[in-house]
Amino acid sequence: MNAAVTPMRWVDGAPPTLELLDQRALPHTVTTVRCHHAADVAQAIRDMVVRGAPAIGIAAAYGMALEAHHHLRAEAAAWLHHMAQADAVLRASRPTAVNLFWALDAMQRVLAKQTGLGPAEQAQALVRAAQQLQADDVAINQRLGAHGANLLPQDAVVLTHCNAGALATAGHGTALGVIRTALAQGKRVRVFADETRPLLQGARLTAWELHTEGVDVTLITDNAAGHIMQHRRIDAVIVGTDRVAANGDVANKIGTYMVAVLAHRHGIPFYVACPTSTIDMAVPNGAAIPIEARHANEVRGYGTTSWAPDGVAVCNPAFDVTPADLVHALITEHGVWHRPNAARMRQWMAAI
Ligand code: MRU
């Protein structure tokens with residue numbers, strides 16, 4: 001990824017600002033949205049200015065820091081009330097990616113530890129905690145990338161769905177992090193990127209990230225994935241995830257399940273790049289993962305263009321669940337976890 005482009009940037013100042021790269025405008029326009037309150041960040045998450053499971057978690061953490069700064073003059077009780085409201089607004093922004101709730105829980109623990117301090121010190125502690133989450137995420141993706149790169153042959157062809165890249169994280173990416181690390185190791189990696197209807201994260205974001213870096217990427221329609229698996233050599237499918245349940249079921253961008261079934265049909269390993277912050281042991285299986293339903297207009301057309309009859313009924317689930325038995329391995333920062341199931345997930349998670 002172009003080193004000058006980053007999905008988010010904290011700017012200390014009066015007032016402090018979270019600058020989000022506006023991912024809705026990519027690839028043709030590079031512009032930012034500036035947030036000053038938790039509600040601005042929640043809106044940006046809902047509107048997909050910032051998206052991707054780890055990135056929305058980190059943005060939400062900064063949202064808490066923004067809110068803390070905004071109410072520095074409030075009495076202690078009022079300040080806590082504002083913080084509780086900010087937490088609730090951010091939690092309501094998108095339901096599926098567990099990283100959002102994981103990051104907000106981390107910020108709550110920071111607040112709980114600082115009870116003796118005044119609002120200014122608490123606000124500073126929240127900024128530092130969010131910055132730490134951001135830095136840790138890059139390091140985690142690099143470790144995950146190194147584990148995953150070992151799975152790829154010297155000359156690899158990978159198919160991916162949606163965008164689990166630098167834009168979806170604090171940097172390097174998860175699925176694209178595996179590809180980046182393999183390339184850095186001197187492997188040859190060619191990528192097929194599904195365009196990923198309806199919001200085109202594959203066409204707009206994955207293709208952009210890889211193409212601007214000079215990676216050999218070929219964009220395909222989602223409908224072409226089966227044909228490509230039938231007629232070309234694909235060594236691996238690698239995708240990201242928004243939440244992995246305690247039995248290893250994987251929620252990810254709508255269409256992922258379809259790709260996993262096709263990979264199974266064609267004997268292609270299906271890998272899920274998964275920082276352990278994306279694992280939710282409190283959810284027993286995929287059926288219990290909340291699946292976001294998004295606006296009908298995202299399917300009726302794109303942007304200001306509509307190609308479907310006005311008012312036609314639409315079903316627009318933003319994610320689907322791939323059952324654990326279709327998953328060859330979870331690629332985590334702690335290693336590659338082969339053939340996830342409930343018993344293995346318990347063992348792996350207990351060992352970290
Ligand atoms: O709706 P999005 O764009 O937030 O969906 C993103 C995905 O489904 C990603 O694959 C997932 O969040 C993993 S990002 C490392």
Side-chain angles (χ1 to χ4, degrees), residues 1 7-8 20-24 26 42 44-60 93-103 133-134 137-138 140-142 144-145 148 159-180 193-209 222 237-244 250-260 270-280 286 289-295 298-299 316-322 327 330-333:
M1 163 176 216
M8 75 191 80
L20 296 171
L21 177 63
D22 189 347
Q23 298 195 30
R24 299 168 304 181
L26 291 173
I45 292 172
R46 240 188 324 274
D47 293 349
M48 313 275 288
V49 170
V50 60
R51 31 67 51 200
I56 66 177
I58 298 161
S93 58
R94 286 189 84 187
T96 304
V98 75
N99 307 60
L100 176 71
F101 309 99
W102 173 88
L133 288 184
Q134 192 175 13
D137 188 61
V138 178
I140 285 167
N141 293 340
Q142 268 155 356
L144 180 161
L159 186 143
T160 191
H161 189 76
C162 194
N163 173 266
L167 289 167
T169 62
H172 197 62
T174 61
L176 298 194
V178 171
I179 291 165
R180 286 196 167 93
D194 287 352
E195 65 177 348
T196 317
R197 281 279 294 142
L199 293 183
L200 304 172
Q201 289 92 332
R204 297 186 303 102
L205 308 177
T206 294
W208 182 69
E209 276 196 36
D222 301 326
V237 171
I238 311 180
V239 297
T241 171
D242 288 81
R243 194 184 302 221
V244 173
V250 170
N252 191 46
K253 178 52 54 197
I254 191 74
T256 302
Y257 171 46
M258 205 163 64
V259 175
F270 178 84
Y271 296 122
V272 177
C274 171
T276 50
S277 55
T278 309
I279 296 174
D280 185 356
I289 297 176
I291 299 293
E292 179 182 12
R294 292 190 61 88
H295 200 280
E298 291 180 355
V299 176
N316 185 18
F319 299 95
D320 60 25
V321 173
T322 298
V327 177
L330 301 175
I331 304 169
T332 79
E333 70 273 28

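Please read all numbers here as calculations on a predicted model, not as lab measurements. Every number for a ligand or one of its atoms is a count from 1 in the order of the listing.
With a heavy-atom cut-off of 4.0 Å, C162 touches ligand 1 through its side chain alone. Within the 4.0 Å heavy-atom criterion, the part of P54 lying near ligand 1 is the side chain and not the backbone. Residue contacts with ligand 1 for T241 involve N, CA, C or O but no side-chain atom from C-beta outward (heavy atoms, distance under 4.0 Å).
Under a 3.5 Å cut-off, the side chain of N163 and the backbone N or O of G202 do not form any donor-acceptor pair. In this structure a side-chain-to-backbone donor-acceptor pair under 3.5 Å is present from R243 to T96. A distance-only check finds a donor-acceptor pair linking the side chain of H161 to the backbone of I254 [under 3.5 Å]. Checked by atom type and distance alone, the side chain of R204 pairs as donor or acceptor with a backbone atom of L199 at under 3.5 Å. With T278 contributing its side chain and T276 its backbone, the two residues share no donor-acceptor pair below 3.5 Å. Checked by atom type and distance alone, the side chain of N316 pairs as donor or acceptor with a backbone atom of H295 at under 3.5 Å.
Given atom 7 (C) of ligand 1, the protein heavy atom at minimum distance is D242 OD1, 3.3 Å. The closest protein non-hydrogen atom to atom 15 (C) of ligand 1 is T174 OG1, 3.2 Å. Here the protein heavy atom with the shortest distance to atom 14 (S) of ligand 1 is A168 CB, 3.5 Å. Protein heavy atom in closest approach to atom 5 (O) of ligand 1: K253 CE, 3.3 Å. For atom 6 (C) of ligand 1, the nearest non-hydrogen atom of the protein is R51 NH2, 3.5 Å.
Below 3.5 Å of separation, one finds no N or O of H161 facing any N or O of ligand 1. Between A53 and ligand 1, at least one N/O pair is under 3.5 Å apart. Any N or O atom pair closer than 3.5 Å counts here, and M48 shares no such pair with ligand 1.
Defined by atom type and a distance below 3.5 Å, a donor-acceptor pair is missing between the side-chain atoms of T174 and N141.
Note on ligand 1: R94 sits in its first shell, one or more heavy atoms being nearer than 4.0 Å.
Looking at R46 and E292, no side-chain N of the basic residue comes within less than 4.0 Å of a carboxylate O on the acidic one, giving no salt bridge. By the 4.0 Å N-to-carboxylate-O rule, R197 lies too far from D222 to be salt-bridged with it.
The contact set between ligand 1 and A164, taken as ligand atoms under 4.0 Å from a residue heavy atom, comprises 14 (S), 15 (C). Each of the atoms 1 (O), 2 (P), 3 (O) of ligand 1 lies under 4.0 Å from some heavy atom of Q201. In summary, the atoms of ligand 1 found under 4.0 Å from a heavy atom of N252, numbered by their order in the structure, are 7 (C), 8 (O), 9 (C), 10 (O), 11 (C).
Side-chain contact between V98 and D242 is absent, with no heavy atoms from C-beta onward closer than 4.5 Å.
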